[in-house]
Amino acid sequence: MTGWPDAALGAVAGVSVLLGVIGLVTYVTLLERKFAARMQSRIGPYRVGPHGLLQPIADAVKLMMKEDVVPRNADRRVFSIAPVVFLIPCILIFATIPFAPGLGVADLNIGILFFLAVSSMEVVGLFMAGWSSNNKYALLSAMRAVNQIISYDLPFLMAALVPVILAGSLKLGEIAAAQDALWFIAYPVLGQLGFIAYIIASVAAENRVPFDILEAESELVAGFRVEYSGMKFALIQLGEYAHVLGTSFLGALLFLGAWAGPGPEWLGPVWFILKALLIFLLITWIRWSFIRIRVDQILQISWKLLWPVSLVLVIATAITVVIRSSTGG
């Protein structure tokens, strides 16, 4: 009988995190549109609600009312399930993120490995969507995306290992706690280089400008999602923004001290969210500031630059930790 309260508490925590993530993801779309508009001297969404604050709700209602169109020659079963397969990993990555000490669904001992493993599973739903559409543009986009995501997952992993080695733990809560005295982004040289590598790999893994060659609207229209409409399109968009936001939360936890900040402890989750939004805006700033580069340039940056640099960075971090421990520093 003692297992029932624990199971019920876990279910409540899971549902709460799910609803919170969906609500936050819904409004970061508005944040990005407003932020991009200010960068381009525009107003952005403004008509629905005060200052456009109800625009995400209006968008959701509009998408629910749109017709669900399935191409005649598409694989209907795979085509219909692909958005869900794409969305689930993007939501599951939040399961291991602690938003404060003891506040989260499950702070696993291998939390960072779980996050990275589940995060990479989005590529399955992405390729299912491109292949099942029976559209040459969607298929080419999916093949490009798989190539790019796999190429940048390795440097992304290496950049994430820098704080792991400095903290000496794979548990996200312990990595955050290890930054009480010094955020890892402030760790001399290693922290700054690790953060830069993390941001570059994140932008590329999320297929955002200047690495959005999978869409390249002048070539592939809307990419792997070109045949989707209505709520299926909305699920794919929700998954993409959830993945970007999850990556932002992980970056804030690994490098910016997570919930560490001035004021009482109950402000910890607020600081954590603000730091994650700061990284999200940094990724958005990069998106709206640079031009798209070619696919061969994207792969060269990964395999010839970012991957060797991140590997050397991990080795240097390990050597630093060993020397520090041997000298008692």
Side-chain angles (χ1 to χ4, degrees), residues 86 89-90 93 112-113 115-127 129-131 138-165 184-185 189-220 223-225 239-241 243-251 254-255 279-280 282-318:
F86 180 81
C90 300
I93 58 178
I112 185 67
L113 294 181
F115 185 102
L116 297 172
V118 173
S119 173
S120 63
M121 291 300 294
E122 67 163 346
V123 72
V124 177
L126 189 153
F127 191 78
W131 179 83
L139 180 58
L140 181 58
S141 170
M143 293 174 67
R144 282 183 176 184
V146 171
N147 192 3
Q148 180 174 322
I149 291 174
I150 292 175
S151 297
Y152 279 90
D153 270 349
L154 289 174
F156 181 84
L157 170 63
M158 290 298 166
L161 283 179
V162 172
V164 169
I165 296 173
F184 286 149
I185 193 175
V189 183
L190 298 175
Q192 293 86 47
L193 293 179
F195 182 73
I196 293 173
Y198 181 89
I199 292 297
I200 296 174
S202 297
V203 173
E206 302 298 342
N207 300 301
R208 293 202 151 207
V209 178
F211 303 97
D212 70 328
I213 199 67
L214 85 165
E215 183 171 332
E217 64 274 359
S218 59
E219 306 170 18
L220 304 178
F224 72 95
R225 67 177 76 78
E240 286 191 341
Y241 275 93
H243 201 275
V244 175
L245 192 61
T247 302
S248 301
F249 269 103
L250 182 65
L254 293 177
F255 293 97
I279 294 180
F280 176 83
L282 175 60
I283 294 174
T284 303
W285 172 76
I286 295 173
R287 174 183 180 180
W288 292 98
S289 300
F290 296 92
I291 60 174
R292 181 182 298 117
I293 58 179
R294 300 193 312 267
V295 62
D296 61 309
Q297 295 172 328
I298 291 175
L299 297 180
Q300 286 180 13
I301 291 174
S302 173
W303 294 109
K304 293 184 178 181
L305 177 62
L306 198 59
W307 161 242
V309 168
S310 60
L311 181 60
V312 171
L313 189 61
V314 168
I315 296 174
T317 305

A.B. asks: State the CD1-CH2 distance between Ile279 and Trp285, to the nearest 0.5 angstrom.
C.D. replies: 14.5 Å
A.B. asks: List for me each residue that meets side-chain hydrogen bond (donor to acceptor under 3.5 Å, both in side chains) alongside Trp303, sequence neighbours excluded, and say none if there are none.
C.D. replies: Ser151
A.B. asks: Could you give the distance from CG (Leu282) to OG (Ser248), rounded to the nearest 0.5 Å?
C.D. replies: 9.0 Å
A.B. asks: Could you check whether the rings of Tyr241 and Phe280 sit parallel, tilted or perpendicular, using 30° and 60° as the cut-offs?
C.D. replies: tilted
A.B. asks: Locate the shortest heavy-atom distance separating Leu254 from Phe184; write the atom from each residue and the value.
C.D. replies: O-CD1, 3.3 Å
A.B. asks: If you take all heavy atoms of Ala159 and Gly194, which pair is closest and at what distance?
C.D. replies: CB-O, 3.8 Å
A.B. asks: From Trp131 CH2 over to Leu126 CG, what is the distance, rounded to the nearest 0.5 angstrom?
C.D. replies: 15.0 Å
A.B. asks: Going from CG on Leu306 to CD1 on Ile298, what distance comes out if it is rounded to the nearest 0.5 angstrom?
C.D. replies: 12.5 Å
A.B. asks: Please test Arg144 against Phe224 for side-chain contact (heavy atoms from CB on, under 4.5 Å), starting from the C-alpha separation and ending with a verdict.
C.D. replies: CA-CA 10 Å; Arg144 282 183 176 184; Phe224 72 95; over 6 Å; no
A.B. asks: Roughly how far, to the nearest 0.5 Å, is OH of Tyr152 from CG of Leu299?
C.D. replies: 7.0 Å
A.B. asks: What's the shortest heavy-atom distance between Gly130 and Ala142, and which atoms?
C.D. replies: CA-CB, 3.9 Å
A.B. asks: Can you check side-chain contact (heavy atoms from CB on, under 4.5 Å) on Glu122 and Ile149, steps first, answer last?
C.D. replies: CA-CA 10 Å; Glu122 67 163 346; Ile149 291 174; 4.1 Å; yes
A.B. asks: Considering residues at least two apart in sequence or located in another chain, which fulfil the side-chain contact (heavy atoms from CB on, under 4.5 Å) criterion with Ser310?
C.D. replies: Pro155, Met158, Trp307
A.B. asks: Going by atom type alone, with no hydrogens or angles, which donor-acceptor pairs under 3.5 Å involve a side-chain atom of residues 196-209 and a protein atom two or more places apart or on another chain?
C.D. replies:
residue, atom, partner, partner atom, Å
Tyr198, OH, Thr247, O, 2.7
Tyr198, OH, Gly251, N, 3.2
Ser202, OG, Tyr198, O, 2.7
Glu206, OE1, His243, ND1, 3.0
Glu206, OE2, His243, ND1, 2.5
Glu206, OE2, Thr247, OG1, 2.9
Asn207, OD1, Gln148, NE2, 3.2
Arg208, NH1, Glu32, OE2, 3.0
Arg208, NH2, Glu32, OE1, 3.3

A.B. asks: What's the shortest heavy-atom distance between Ile286 and Pro210, and which atoms?
C.D. replies: CG2-CD, 3.9 Å
A.B. asks: Can you sort out the partners of Leu190 under side-chain contact (heavy atoms from CB on, under 4.5 Å), two or more places apart, ordered by chain and number?
C.D. replies: Tyr187, Leu313, Ala316, Thr317, Thr320
A.B. asks: With side-chain contact (heavy atoms from CB on, under 4.5 Å) as the test, would you mind laying out the steps for Leu250 and Ile112 before giving the verdict?
C.D. replies: CA-CA 9 Å; Leu250 182 65; Ile112 185 67; 3.8 Å; yes
A.B. asks: Heavy atoms only: give me the nearest Ile93-Gly246 pair and the separation to one decimal.
C.D. replies: CD1-CA, 3.8 Å
A.B. asks: Gln300: what forms a side-chain contact (heavy atoms from CB on, under 4.5 Å) with it, not counting sequence neighbours?
C.D. replies: Asp296, Lys304
A.B. asks: Do side-chain atoms of Ser120 reach the backbone of Ala117 as a donor and acceptor pair under 3.5 angstrom?
C.D. replies: yes
A.B. asks: Just jot down the side-chain contact (heavy atoms from CB on, under 4.5 Å) partners of Val124, sequence neighbours excluded, or say none.
C.D. replies: Val85, Met121, Met128
